[in-house]
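In what follows, a structure is listed as structure tokens, so that the remarks can point back to it.
Chain identifiers are assigned alphabetically (A, B, ...) following the order of the sequence lines, protein sequences preceding nucleic acid strands; residue numbering begins at 1 within each chain.
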There are 2 protein chains.
Amino acid sequence: MTTIRDIARLSGYSVSTVSRVLNQQNYVAPATRAAIQRVIRQLDYAPNAVARTLSSGRTWNVGVVLPHADHPYFTQLLHGIVRAAFAANYHIVLLPSKWEAELELQYLEALRQHAYDALIFTSHGLPLSRLAAYHPAGRIVICQNPGTSPLPAAYAERTATYVAALQRLRAHGHRRVGILTSRPLAVSATTQAMVGAYEQVFHVGLPPERLRTGVITAADGEQAARALMAQAQPVSAILSNGDDIAVGARRAYLAAGQPVPELIGQEHQLSGEVLGLPTIDHHFETVGARAFGLAISRAPQNVAIPSELIVP
Amino acid sequence: MTTIRDIARLSGYSVSTVSRVLNQQNYVAPATRAAIQRVIRQLDYAPNAVARTLSSGRTWNVGVVLPHADHPYFTQLLHGIVRAAFAANYHIVLLPSKWEAELELQYLEALRQHAYDALIFTSHGLPLSRLAAYHPAGRIVICQNPGTSPLPAAYAERTATYVAALQRLRAHGHRRVGILTSRPLAVSATTQAMVGAYEQVFHVGLPPERLRTGVITAADGEQAARALMAQAQPVSAILSNGDDIAVGARRAYLAAGQPVPELIGQEHQLSGEVLGLPTIDHHFETVGARAFGLAISRAPQNVAIPSELIVP
DNA sequence: GTGAAAGCGCTAACAT
DNA sequence: ATGTTAGCGCTTTCAC
């Protein structure tokens with residue numbers, strides 16, 4: 001392995017002059033620069049990136065914690081983050097978490113160890129207070145309403161749109177609405193927003209059996225739909241956490257020869273568009289880009305991006 | 001910032017003993033270990049990851065070069081890569097390229113600078129020979145048939161399946177088939193495989209106007225379909241590089257009140273399943289996982305994963 | 001078991 | 001304009 005010292009020795013100049021050449025700095029005579037660059041080319045030398053990072057103290061890396069990548073929430077968010085990171089000359093490191101506390105802690109430790117300049121949690125299993133405890137160690141951005149937590153956050157403002165979606169269903173005469181969501185009420189702000197909106201619109205609590213959680217893929221949607229069909233009080237409409245999932249649910253009803261409930265999807269996916277489903281677009285790309293912006297800024301700021309109900 | 005030396009000083013032991021404690025090594029008296037760990041906790045000390053990397057020489061990072069992320073080829077490949085990387089305790093760094101030579105070179109330089117242990121090109125604009133020139137500097141894996149290039153490669157073996165798909169169309173009586181693809185014939189091995197399969201099945205070259213390139217999104221598919229409709233010899237079937245794209249094309253025909261050509265999609269997407277479209281599944285997740293395996297192994301090996309024609 | 005010291009390869013302050 | 005040198009924070013021989 002050839003180092004900066006080799007270049008110095010062979011060119012007859014000092015390491016600092018070589019370093020200046022490497023970093024395009026001034027105060028190097030053109031002839032010197034040329035001579036050094038010749039040696040660099042001769043030895044096929046490349047400065048070690050890790051050593052540079054150690055000396056300079058900045059990694060230009062931002063870690064993005066992702067529970068999984070099977071949902072447009074995460075993929076769109078990630079795209080937004082990557083786009084913004086690219087523009088700012090940062091690199092994105094993917095950190096799969098499956099919502100496991102142990103993994104999340106591992107990533108937080110890595111932040112403490114300066115493996116990343118910042119961490120973005122697209123979602124998290126640990127309570128916000130646990131995350132916030134690591135905030136002094138490095139910048140941590142979350143992608144949901146931070147509530148009273150001091151963490152910087154960029155997130156979709158969903159409640160108003162959920163209310164609008166459910167009001168639409170109510171206006172169409174529906175009284176028994178099912179809700180499909182990916183994570184349990186207790187841990188998910190999104191689920192809480194949906195259920196909260198339900199209560200706001202229908203003035204009663206959502207019966208627990210009409211909330212189907214753990215629904216992530218279209219196949220999950222089918223299964224959830226079968227569970228809803230099997231109930232004594234079948235639903236006449238479904239608010240689903242994804243167009244793909246709504247399409248899965250639809251398939252289950254069709255397969256069972258049952259009338260398909262009125263569906264409202266989310267994420268503005270092609271599958272829903274094909275069927276003319278109303279959907280909710282949360283503009284996650286924008287949310288991601290803003291989250292990245294927060295990750296490399298200093299101000300403890302919050303950014304809420306309003307969601308949008310799209311009716312074909 | 002507290003360093004290993006602080007811990008050494010405050011605990012009364014040397015840095016090397018502290019280092020041994022940090023790295024869970026033997027030959028440390030239990031009492032010593034306990035004492036040191038107490039100080040570590042007291043000072044809230046976290047060893048610097050970059051310094052460790054510099055000392056040890058391995059980054060545990062693998063860079064993944066992605067032209068964009070709007071196509072299932074890339075997202076599925078990436079998922080497979082991430083899954084395998086996670087299992088092997090590596091991290092994935094996202095490197096957006098847009099097929100730009102300058103960016104690709106920048107990433108290759110970063111490899112030379114030991115910013116990554118290896119680089120995976122999910123696709124590339126530079127000629128393979130340019131990539132191969134960097135191979136001595138670090139492991140480079142490509143995701144297409146390497147031909148005579150010495151680079152390790154994991155890729156989908158597509159030709160046989162394209163032949164099968166086109167034979168199906170031919171058997172259905174189609175003689176004028178359009179092909180939608182994302183990149184020009186000259187630069188894309190995939191496009192070449194599709195066109196080559198066409199020649200193999202129809203025993204004539206594909207008329208250039210029936211090859212529509214630059215088609216990436218469903219909207220592109222619509223536009224390409226309109227171009228095909230406008231031609232003197234309209235096509236009666238389309239082989240599309242994606243179910244979503246096929247769906248876009250279908251929409252254009254419907255909007256124009258034209259009969260929809262027989263469609264074959266790719267990527268096994270939900271949008272196609274909804275419409276009962278035949279599709280080609282290239283098993284890109286598997287390809288990605290295998291590509292990662294090659295990235296951290298030593299043997300210069302090639303892995304071809306056969307594609308699969310799926311008819312509902 | 002523990003410690004001293006020499007790296008790892010670079011940057012940057014300071015000197016000339 | 002160029003050189004000397006002290007870090008950056010850790011790991012890893014090699015002594016003892």
*Hey, does B:Val18 have a side-chain heavy atom less than 4.5 Å from the side chain of B:Val39?*
no
*A:Leu54 has an atom CG; how far is it from atom P of D:dC10, in whole Å?*
9 Å
*Do B:Ile81 and B:Glu285 have side-chain heavy atoms sitting under 4.5 Å apart?*
no
*asked:* Can you see whether B:Arg58 engages B:Thr53 through a side-chain donor-acceptor pair at a distance of less than 3.5 angstrom?
replied: no
*Taking DNA chain C as the partner, which of residues 108-119 of chain A come within under 4.0 angstrom of it by heavy atom?*
none
*Could you check which of C:dG1, C:dG9, D:dT4 has an atom nearest any side-chain atom of B:Tyr27?*
C:dG1
*Anything under 30° is parallel, anything over 60° is perpendicular, the rest tilted; go ahead and classify B:Trp99 against B:His68.*
perpendicular
*What distance do B:Arg130 atom CZ and B:His124 atom NE2 have between them, rounded to the nearest 0.5 Å?*
13.0 Å
*To the nearest Å, how far apart are B:Met1 CE and D:dC8 P?*
11 Å
_Strictly under 4.0 angstrom, non-hydrogen atoms only: write out the protein contact profile of nucleotides 11-16 of chain C, one letter per nucleotide from the 5' end, B, S or -._
BB----
*Give a yes or no on whether the ring-centroid distance for B:Tyr90 and B:Phe292 is below 6.0 angstrom.*
yes
*Side chains of B:Thr190 and B:Arg158: donor-acceptor distance under 3.5 Å anywhere?*
yes
*Ignoring backbone atoms, test whether B:Thr3 places a side-chain nitrogen or oxygen under 4.0 Å from the OP1 or OP2 oxygen of D:dG9.*
no
*Contact class for B:Thr32 (heavy atom, under 4.0 Å): base, sugar-phosphate, or nothing?*
sugar-phosphate
*What integer distance in Å separates B:Arg58:CZ from C:dC8:P?*
19 Å
*asked:* By nearest heavy atom, map A:Tyr13 and B:Tyr45 onto DNA chain D; which one lands nearer the 5' end?
replied: A:Tyr13
*Can you say whether the rings of A:Tyr116 and B:His91 are parallel (under 30°), tilted (30 to 60°) or perpendicular (over 60°)?*
tilted
_Global bending angle along the helix from C:dG1-D:dC16 to C:dT16-D:dA1, which compares the axes of five pairs at either end, to 10 degrees_ = 40°
_Nearest heavy atoms of B:Ser123 and B:Pro67, plus distance in Å_ = CB-CG, 3.7 Å
_Output the rounded distance in Å from CD1 (A:Ile40) to P (C:dC10)._
10 Å
*Take atom CG of B:Asn48 and atom C1' of D:dG7, then tell me their distance rounded to the nearest Å.*
14 Å
*Check whether any side-chain heavy atom of A:Arg139 sits under 4.5 Å from a side-chain heavy atom of A:Asp117, and report yes or no.*
no
_A:Val62 and A:Ile120, any side-chain heavy atoms less than 4.5 Å apart_ = yes
*May I ask you to evaluate whether A:Thr17 reaches the phosphate of D:dG3, defined as a side-chain N or O under 4.0 Å from OP1 or OP2?*
yes
